[in-house]
Number of protein chains: 4
Amino acid sequence: MLASGNLRRSRPPCIAVVGAAACGPEVARLAEAVGRALAEAGATVVTGGRGGVMEAACRGAHKLGGTTVGILPGADRQEANPYLTVALPTGLGIARNALVVRAADAVIAIAGGFGTLSEVAMALKEGIPVVGLRTWEATTPEGLSLPIHRASSSQEAVELALRLATSG
Amino acid sequence: MLASGNLRRSRPPCIAVVGAAACGPEVARLAEAVGRALAEAGATVVTGGRGGVMEAACRGAHKLGGTTVGILPGADRQEANPYLTVALPTGLGIARNALVVRAADAVIAIAGGFGTLSEVAMALKEGIPVVGLRTWEATTPEGLSLPIHRASSSQEAVELALRLATSG
Amino acid sequence: MLASGNLRRSRPPCIAVVGAAACGPEVARLAEAVGRALAEAGATVVTGGRGGVMEAACRGAHKLGGTTVGILPGADRQEANPYLTVALPTGLGIARNALVVRAADAVIAIAGGFGTLSEVAMALKEGIPVVGLRTWEATTPEGLSLPIHRASSSQEAVELALRLATSG
Amino acid sequence: MLASGNLRRSRPPCIAVVGAAACGPEVARLAEAVGRALAEAGATVVTGGRGGVMEAACRGAHKLGGTTVGILPGADRQEANPYLTVALPTGLGIARNALVVRAADAVIAIAGGFGTLSEVAMALKEGIPVVGLRTWEATTPEGLSLPIHRASSSQEAVELALRLATSG
């Protein structure tokens, strides 16, 4: 189907969607719309595999037949949300946050808690572009802002993430 | 499509195929046949994502449209073989061997080097069944044999692995 | 020497000092003073094992004969700063940030970059108290401040960290 | 005390002692003698931090005032044996086996179970020399023996390990 030399190139972009394991309905709608738009664009959705924002993003992608990967903190596949193409129980606890980020060509952060902030920070440390939707604000010790790309809608977030992923 | 309550159940089994990153043509044929049979059975093939046995198993599954996951030791997606549905650069080095094993419902070890032996040992430690094809022999300090299921063909290995995965 | 039943209790507190691998002289002086005060108090100093804030904190503790542990991102002991009692090359890359945090009863963050922010966030996620010295400010999506204890001197930071470590 | 340029060089060798978390009295005596001899030689003893062989080796070193490091699989310091200078709860589960090995200049394997076998295999994969005392035997798929240095006494094991560590 694909010429062997082009196979690497042709792998779809991986976009991580990070956010809290519990969230209100409005944030869930936003995350689901992000997942849907990513699947429509042919991207693979990578998440931490659990509930809340992660589950909503996977549900959105799953409904459109997209590929969804969950990198779970525990060693038990049962903690996975039901919308994962691939569930990877890592048993690494919070250290798995580094893997979610590393698996991604770009990260979309939606709202979120401390775990989300750690993922945003690690992505920036690793030079992986981050798009933020109603997420953390932060100021460095030198008074600079967190260098993430702010989006105001799910569509804008996905377009930004895909553009940043392929230009990287 | 699927009733929500059954979604978890209906996730296909994940079978890890472990072996060396370089191998001769005979072992490669064996690994490719294992990958093919796993895809035919609808299983997801998990590997370390690199060459040799890992690449051959992924190629076999990929040809039949199967899902293949590569859990890479490095932080660079470029080291992935070209037959992966999902390439996860972990940056964990050899510690990623634990993740390959944990992601699996059963492990098929084909020939292999020290890394393969570490994966077989960690699977046994974690209670994950291991099927061996021309792989390591080992004897505990107490004189007992490595408790893995020996298979003599790719077909037998896959049948054993799938049976052990679902009975686990 | 110690009664066996008390050995666990009597282990000294582990305080992680986190900050950037490169820093100016003023921040270095602050970090060295923190290391010195921790050693004086009998605490074990845990860091990421590299330069900048990590090295300065270790140097301060080392001068007073304190125990210093460096949890290195790479697999090579050579990247360790010269003031470590124990240098642990992990080969985990940025995922080692989770280990620095987990090894600690409390964390002191001094100035710092994205890696530092990820450590602060993971500590808060894990319920490990964080003391901040001229470090990141952040605001949650809900408009709340990062719940860390701000100190204005090395002495105050160490006193706070030790109090929080033992009350935890 | 030490000239700055020599500090790296002068760090004592780290020797990992690996073995099962439960063991009989004879193996425990062997492990304790290994720990004692390592401390006498000024080496740092690295273990997985738990009971059995790990605890016995740490007890031996601790009695002579040696430095002992425990790299724990869980996130809880309470699972540490009482003879550790430094207890590092990693929360990585079995993936911490890779860290025990990486922290070492040489590994001494005493008896042991599947976890021990995985550590021996990972050390060999990483090019870290392994000394075996009443431990696993294994044969590669090509019919070769596990390339570890067999010792017949604790004293011989420690001498071998220290020689291999410094020539590495």
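So that the names make sense, note that chain A is the first sequence line, chain B the second, and so on, each numbered from 1. Only heavy atoms go into these numbers, but all of them, side chains included; no hydrogens, no water, no symmetry mates.
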Exercise. Mind checking whether B:Leu146 and D:Trp136 have side chains closer than 4.5 Å, heavy atoms only?
Worked result: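 Counting from C-beta outward, B:Leu146 and D:Trp136 do come under 4.5 Å.
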For this session: Report yes if some heavy atom in the side chain of B:Ile94 is under 4.5 Å from a heavy atom in the side chain of D:Arg102; otherwise report no.
Result: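 Yes. Closest side-chain heavy atoms under 4.5 Å.
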Exercise. Nearest heavy-atom pair of B:Ser118 and D:Ala121: which atoms, and what distance?
Worked result: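 Looking at all heavy atoms of both residues, the shortest contact is N-CB, 3.5 Å.
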Problem set entry | Heavy-atom pair of closest approach, residues B:Ala111 and D:Pro141 | C-CG, 3.5 Å
Problem set entry | Which atoms of D:Leu99 approach chain B - backbone, side chain, both or neither, heavy atom under 4.5 Å |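 Neither part, no heavy atoms under 4.5 Å.
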Exercise. Would you say D:Glu142 has more than 12 foreign heavy atoms packed within less than 6.0 Å of its CD?
Worked result: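 Check passes, neighbour count above 12.
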Exercise. Given the options D:Ala138, D:Gly93, D:Gly113, D:Gly132, which has more heavy-atom pairs under 4.5 Å with chain B than any of the others?
Worked result: D:Ala138
For this session: Under 4.5 Å, counting heavy-atom pairs only, tell me which of D:Arg134, D:Met122, D:Arg96 racks up the most with chain B.
Result: D:Met122
Exercise. Once you round to the nearest 0.5 Å, how far does NZ of D:Lys125 lie from CG of B:Asn97?
Worked result: 8.0 Å
Exercise. Taking B:Val101, B:Thr116, B:Leu124 one by one, which has the highest count of heavy-atom pairs under 4.5 Å against chain D?
Worked result: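 Of B:Val101, B:Thr116, B:Leu124, B:Leu124 has the most heavy-atom pairs under 4.5 Å with chain D.
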